[in-house]
Amino acid sequence: MGSVILRLVLLACGMAFSEVGVDSLARGGDIAVAQLGVALVLLVAGSAGFIVPLLSANTRQEASRHV
């Protein structure tokens, strides 16, 4: 359960940094590129944490092919 919460926190922080980065970009701030880069890293890390287990091979064997 802790890993799910960590992934959700990564996604939330990524969304917050992207909002701040877009706002800084609209105002002409110099730090906007760095903020958007951090946001991209956090969003990729958070979403990869959910996608990787889905793409991993299933280790359980089926009881029967016809079920």
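Throughout, residue positions are numbered sequentially from 1 according to the sequence presented. Just so we're clear, the structure is a prediction, and the values are computed from it rather than from any experiment.
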Selection residues 30-39 - residue pairs positive for salt bridge (Lys or Arg N to Asp or Glu O under 4.0 Å), sequence neighbours left out: none
Salt bridge (Lys or Arg N to Asp or Glu O under 4.0 Å) contacts touching residues 14-24 (sequence neighbours left out): D23-R27
Under 3.5 Å, which donor-acceptor pairs link side chains of residues 38-50 to any protein atom two or more places apart or in another chain?
from : atom 1 : to  : atom 2 : distance (Å)
S47  : OG     : L43 : O      : 2.9
S47  : OG     : V44 : O      : 3.3

L25: side chain to side chain contact (heavy atoms under 4.5 Å, CB included) partners, not counting sequence neighbours: A32, L36
Side chain to side chain donor-acceptor pair (under 3.5 Å) involving S24 - partner list, sequence neighbours excluded: Q35
Please report, to 0.1 Å, the donor-acceptor pairs under 3.5 Å made by any side chain of residues 11-18, with sequence neighbours excluded.
from : atom 1 : to  : atom 2 : distance (Å)
S18  : OG     : G14 : O      : 3.3
S18  : OG     : M15 : O      : 2.7

